2 protein chains.
Amino acid sequence: MKSLTTDIPQYLLIKAELQARIQSGALKTGDKLPSERELCAIFTTTRTTIRESLAQLEASGVIYRSDRRGWFVTPARLWLDPTQNTNFHKLCLEQGREPKTVLLNGRLTTVPLDVMKPLELQPFDQVYLLARLRYADGRAICYCENHCLPARVPELLRHDLNGSLTEVYQTHYGLTYTSMHLTFFPTSVPAHAAAALGIMEGLPALQLSRLNYDQHGRVLDYDIEYWRHDSLRIEVTTH
Amino acid sequence: MKSLTTDIPQYLLIKAELQARIQSGALKTGDKLPSERELCAIFTTTRTTIRESLAQLEASGVIYRSDRRGWFVTPARLWLDPTQNTNFHKLCLEQGREPKTVLLNGRLTTVPLDVMKPLELQPFDQVYLLARLRYADGRAICYCENHCLPARVPELLRHDLNGSLTEVYQTHYGLTYTSMHLTFFPTSVPAHAAAALGIMEGLPALQLSRLNYDQHGRVLDYDIEYWRHDSLRIEVTTH
DNA sequence: CAGTGGTCTAGACCACGGG
DNA sequence: CCGTGGTCTAGACCACTGT
């Protein structure tokens, strides 16, 4: 199997071989790849090498793993313009995807340290903490923690939080998102987010934090989101 | 070594151990970690396991590898607001980093397929293609391909392209970047970019494409950039 | 239950970096 | 030249999936 005429490592050749079968359409979105042991037989090599190829395809977002079920071809990315105030559900529907948001946990708690400063709070102030999971076409793609100010949205937990927060704010409190400060960077999924997303800790992810202001220019809430690295494309137009 | 009371895999324990030494400041920016074989001895395990820990720390951007030299603690990320029209050199200096841009290759060529559409060109039209590498504090962090329209910037290659393109446009052609369409997503470094950046093909990266317009609203050029995934934080403020 | 991926061992040889 | 990481072999056992 080892090439005699080049220095290209075997796992890159196998990677290219697999990628070609995906890009040509021979393997389509959602299709399952052969098992690792079958791939070993096909390419006459060991699992270590096969897994190196698979890991690289995973890093580029072409395939993903489902724990102990196998490797699958990644669906198209959802794209979003963070400077537009459109919500997740609208976004999905516009792109022909089926959205779902599930509230995992909602409670009043002492403000986490990394949230204290952006929200301009004191060490023992309380915030509503909502842990939510977002799906597109049944696939969990974003784990999201909203930190909301009780001063702005008292009794928040009485409302249905499985839908759009934007709408709850608007309907019950007359508050509208008007501006925000957004920061994001590539990193890997921390343990708690990985557990919620049903993926392995340490996979690459895009961490996105958002400090939202209402129509009066007051701080409204602070979100920390972890997006699957393979599920998202960001588009921004400036004028 | 295997824990008797938990199910946490060894490589995650080692990862946490290393991460603690970095976050506590015991290992500082730019410091070299012990060699993989030394780490094997320290943690009484094999290279496979050690390399799994290292790979995860690399994915989260905490450490990076320098080919056959070892593993190092990653410097702070450069941050940038893509909606502001500030150039790379200004950006670096504002953040106390030393910028450098190097022209790797500049030539007139037939428009690449993936660039044809955004630039609104025909299949055999010509563009200037500039391949450039950007450094912060001597570390290559971004590989950049500019595709420029000869109609807008005739004789472009006669000018010094190792600095800011913005300034060349302004000084020699009276053209100013005024708006843009930006799209980016996490993926992995393709071979040609990896070679230029001096890193391994397949490492995670942020691919960023930018379609620029001049002050007359005309398409000016199209950039494709690959940023090291560990070197960049993006910040956007909306109003 | 059989099959899958997740984790791990204990080696090997190579190409390249730096003194 | 030696030490480094890069690649690869040929196994092993486990936890979990789906039937």
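It should be emphasised that the depicted structure is a prediction, and the values quoted were computed from it without experimental measurement. In what follows, chains are A, B, ... by sequence order, proteins preceding strands, each numbered from 1.
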Show me, pair by pair, the donor-acceptor contacts under 3.5 angstrom made by side chains of residues 190-210 of chain B, not counting sequence neighbours?
from, atom 1, to, atom 2, distance (Å)
B:Q207, OE1, B:Y226, OH, 3.4
B:R210, NH2, B:E225, OE2, 3.1

[X] has an atom [atom1]; how far is it from atom [atom2] of [N], in whole Å?
X: A:E52; N: D:dT9; atom1: CD; atom2: P; value: 12 Å
X: B:D7; N: D:dC16; atom1: CG; atom2: C1'; value: 12 Å
X: A:L39; N: C:dG3; atom1: CG; atom2: P; value: 17 Å
X: A:E36; N: D:dA10; atom1: CD; atom2: C1'; value: 16 Å
X: A:L33; N: C:dG5; atom1: CG; atom2: P; value: 9 Å
X: A:M200; N: C:dT4; atom1: CE; atom2: C1'; value: 14 Å
X: B:I8; N: C:dG6; atom1: CD1; atom2: C1'; value: 15 Å
X: A:I199; N: C:dG5; atom1: CD1; atom2: C1'; value: 16 Å

Is there a residue in residues 54-72 of chain B whose heavy atoms reach under 4.0 Å of DNA chain D, and which residues are they?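 Residues of residues 54-72 of chain B under 4.0 Å from DNA chain D: B:R65, B:D67, B:R68, B:G70, B:W71.
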
Looking at residues 15-22 of chain A, who's got a heavy atom less than 4.0 Å off DNA chain C?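 None, since no heavy atom is under 4.0 Å.
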
base_contact_polar (C:dG5 base, A:R37 side chain, donor-acceptor, <3.5 Å):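 Check passes, donor-acceptor contact within cut-off.
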
With a 3.5 Å cut-off and just heavy-atom distances, do the side chain of B:R47 and the base of D:dG6 make a donor-acceptor pair?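 Pair found.
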
What are the two closest heavy atoms between [X] and [Y], and how far apart are they?
X: B:H147; Y: B:E145; value: ND1-O, 3.6 Å
X: B:L182; Y: B:F184; value: CD2-CE2, 3.7 Å
X: A:L232; Y: A:R77; value: O-NH1, 3.0 Å
X: A:I141; Y: A:A136; value: CD1-CB, 3.9 Å

Nearest to the side chain of B:Q10, heavy atoms from C-beta on, is which of C:dT9, D:dC8, C:dT4?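 The answer is C:dT9, which lies nearest to the side chain.
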
Taking the minimum atom-to-atom distance to the side chain of A:E38, which one of C:dT7, C:dT4, D:dG6 wins?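 Selected nucleotide (nearest to the side chain): C:dT4.
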
For A:S35, report the nucleic acid contact type (base, sugar-phosphate, nothing); a contact means any heavy atom under 4.0 Å.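 Here A:S35 touches the backbone only, sparing every base.
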
Just to be sure I understand the rule, does B:T49 reach a base, reach only the sugar-phosphate, or reach nothing, if contact means heavy atoms closer than 4.0 Å?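 Sugar-phosphate only.
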
Does anything in residues 88-117 of chain A form a ring pair (Phe, Tyr, Trp, His ring centres under 6.0 Å)? List the pairs, not counting sequence neighbours.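 Sorted result for residues 88-117 of chain A: empty, none.
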
Mind checking side-chain hydrogen bond (donor to acceptor under 3.5 Å, both in side chains) for B:N162 and listing every partner two or more places apart, or none if nothing turns up?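 B:N162: side-chain hydrogen bond (donor to acceptor under 3.5 Å, both in side chains) contacts with B:D160.
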
Quick check on C:dA10: is either OP1 or OP2 less than 4.0 Å from any side-chain nitrogen or oxygen of B:T48?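 No, outside the criterion.
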
With a 4.0 Å cutoff (strictly under), does any side-chain N or O of A:Y11 reach OP1 or OP2 of D:dT7?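 Affirmative; the distance criterion is met.
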
Please identify each residue that fulfils ring pair (Phe, Tyr, Trp, His ring centres under 6.0 Å) with B:F72, with sequence neighbours left out.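 So B:F72 forms a ring pair (Phe, Tyr, Trp, His ring centres under 6.0 Å) with B:Y64.
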
State whether A:D230 and A:R228 are salt-bridged, where the test is any N-O pair (Lys NZ or Arg NE/NH1/NH2 against Asp/Glu carboxylate O) under 4.0 Å.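 A salt bridge is present here (some side-chain N lies under 4.0 Å from a carboxylate O).
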
Applying the side chain to side chain contact (heavy atoms under 4.5 Å, CB included) criterion to B:L130, which one of B:N146, B:D223, B:L104, B:D221 satisfies it?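 Passing option: B:N146.
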
Name the residue closer to the 5' end of DNA chain D, choosing between B:P34 and A:L12 according to the nucleotide with the nearest heavy atom.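 So the residue in question is B:P34.
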
